[in-house]
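This report concerns only the one structure given below.
For the single chain, residues carry numbers from 1 onward in sequence order.
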Amino acid sequence: MNDYRRRSILTCMTHGDTLVDQAPLVSEEGKKQLEALRRAIPVTRMVDYGVPLGDALNIHAQTTAEEPPAWDVLCEQIAQRHLKVANEADIQRRSATAHQAWRAASALLQCAQLAFNQDGPRKLELYERSHAAMAQGARHVRHVEELIVPTSRGKLHGWVVRPVHCVPHAAVLILGGLSGWGSVYFGMAQALAARGLLAVLGEGPGQGLTRMRSGLHLDAESLALFGALLDAAAAECGDRVGVWGNSFGGLFAAHVAAHDPRVKAVCINGAPFAPIVPSFRTAREQMQAVFGVNEADLPNRLAAIAMSPVRHRIEGAMLVVEGGRDPMVPLGEQRAFLELSHPERSHVVSWDDGEHTIYNHAAARNALVADWFSDWLSP
């Protein structure tokens with residue numbers, strides 16, 4: 001990001017009270033879109049991403065009103081309140097309060113950009129402001145820093161989260177899927193850091209700023225570039241590395257584990273083994289954005305990245321996490337990944353009431369998976 005663009009974003013953030021006094025109301029068609037957004041972004045997902053519970057409940061309550069506001073503007077307005085707190089805490093040198101407020105604002109702006117499946121100026125603006133808020137918060141802690149990885153096809157983006165009180169003995173690359181990327185998995189990274197593990201929150205081809213800034217979309221060839229993010233994780237911890245893939249990112253994690261012998265453990269959380277064009281319009285549009293193609297080209301792109309026991313083998317340990325209330329990946333579907341691994345090193349954990357990627361048991365999920373990585377990656 002150039003200096004002018006960065007200053008513009010931070011100026012907008014620090015003078016947020018003047019941006020919008022009242023969120024504009026939506027049309028009847030907009031109300032239908034709000035219904036789809038509430039299904040795709042439940043309260044549990046927002047909280048998992050770092051949105052304070054009260055804010056998440058407020059957003060869902062206001063968007064179910066008779067005359068609801070626009071989702072992105074409402075999320076932005078509430079983020080502005082946290083940005084005001086963050087700036088005041090910065091001035092008063094209250095680092096803990098500032099970090100907490102910057103983090104909440106970043107998560108809310110992440111949820112705001114989810115209102116747009118396809119890339120455009122508004123989506124990029126919200127995402128860059130979320131990224132900038134995360135960076136502002138990172139100034140108050142010494143264990144979080146921005147990551148930029150140059151490649152021959154463009155820059156990959158992400159974050160590095162280190163243990164606070166020890167030197168990391170291993171590292172885990174955390175990947176998102178079609179719409180949740182990078183900093184939204186900060187809670188997972190904190191769980192790993194608490195166990196002495198370094199975490200890389202990666203945004204690979206077709207994801208986050210890697211897509212929106214570098215113009216790097218996903219295809220069978222660019223899939224290999226996820227390995228550059230693994231290199232960043234391994235830079236401090238040698239060959240004791242793992243990969244944790246969430247939603248569609250579980251498929252990417254499986255590919256990384258199958259192609260890189262450094263991966264000693266992989267967790268797959270809510271991923272399709274052999275993806276098909278989904279019936280959900282939201283997911284279809286998000287796939288188009290990830291691959292940078294129209295809907296007609298999706299079947300071929302998905303077929304090219306499907307896993308196969310004939311072509312793929314994972315030597316490291318495997319943990320599959322599944323939920324009984326996952327509308328995207330039915331219970332039992334992910335067990336096909338076990339065909340790629342050794343039975344004695346494979347494990348499945350199910351939550352009967354688990355939502356997609358187990359949003360509704362985030363703390364328990366993070367603790368369980370972080371403990372599992374710690375066990376398999378410990379010297």
- Between the main-chain N or O of Val256 and the side-chain N or O of Asp260, is there a donor-acceptor pair closer than 3.5 Å? no
- Message: Do the side chains of Arg129 and Glu76 get close enough for a salt bridge, i.e. N-O under 4.0 angstrom?
- Response: yes
- Salt bridge check: are Arg162 and Glu236 linked by an N-O gap of less than 4.0 Å? yes
- Query: Just wondering, are more than 12 heavy atoms of other shown residues or ligands nearer than 6.0 Å to CD1 in Ile276?
  - Reply: no
- Task: Look at the rings of His255 and His312 and say which category their plane angle falls in: under 30° parallel, 30 to 60° tilted, over 60° perpendicular.
- Result: perpendicular
- Spacing of CG belonging to Leu34 relative to CD1 belonging to Ile59, to within rounding of 0.5 Å: 11.5 Å
- NZ/NE/NH1/NH2 to OD/OE distance under 4.0 Å, Asp375 and Arg195: no
- Query: Mind checking whether Trp351 and His361 have parallel, tilted or perpendicular rings, split at 30° and 60°?
  - Reply: parallel
- Message: In the structure I gave you, are the side-chain heavy atoms of Phe116 and Pro121 within less than 4.5 Å of one another anywhere?
- Response: no
- Taking Leu109 as the fixed residue, which of Asp72, Ile78, Leu126 is the one that meets the side-chain contact (heavy atoms from CB on, under 4.5 Å) rule? Leu126
- Modelled atom types, side-chain donor and acceptor of Ser247 and His356, under 3.5 Å: yes
- Query: For the side-chain contact (heavy atoms from CB on, under 4.5 Å) test, which of Asn269, Asn246, Val243, Leu251 pairs with Leu175?
  - Reply: Val243
- Item | Arg211 bridged to Glu203 by N-O distance under 4.0 Å | no
- Item | Donor-acceptor pair between Ser346 and Ser341 side chains, under 3.5 angstrom | yes
- Side chains of Ser374 and Asp371: is there a donor and an acceptor less than 3.5 Å apart? no
- Query: Is any side-chain N of the basic residue among Asp352 and Arg325 closer than 4.0 Å to the acidic one's carboxylate O?
  - Reply: no
- Quick check: does any side chain N or O of Gln334 sit under 3.5 Å from a backbone N or O of Phe273, one acting as donor and the other as acceptor? no
- Message: Less than 4.0 angstrom from a charged side-chain N to a carboxylate O is my criterion; do Lys32 and Glu35 meet it?
- Response: no
- Message: Just by distance, no angles: are the side chains of Glu322 and Ser350 close enough, under 3.5 Å, to form a donor-acceptor pair?
- Response: yes
- Message: Treating Trp71 as the side-chain partner and Cys111 as the backbone partner, does any N or O pair qualify as donor plus acceptor under 3.5 Å?
- Response: yes
- Message: As an exercise, state the distance from CZ of Phe373 to CG of Leu368, rounded to the nearest 0.5 Å.
- Response: 11.0 Å
- Message: Tell me which one of His82, Arg81, His60 satisfies side-chain hydrogen bond (donor to acceptor under 3.5 Å, both in side chains) with Asp55.
- Response: His82
- Side chains of Glu146 and His157: do they bring a donor and an acceptor to under 3.5 Å? no
- Query: Do any N or O atoms from the side chain of Arg301 and from the backbone of Val293 form a donor-acceptor pair under 3.5 angstrom?
  - Reply: no
- Task: Return yes if some donor-acceptor pair links the side-chain N/O of Thr151 with the main-chain N/O of Arg153 below 3.5 Å, else return no.
- Result: yes
- Task: State whether a side-chain donor-acceptor pair under 3.5 Å links Gln113 with Ser130.
- Result: no
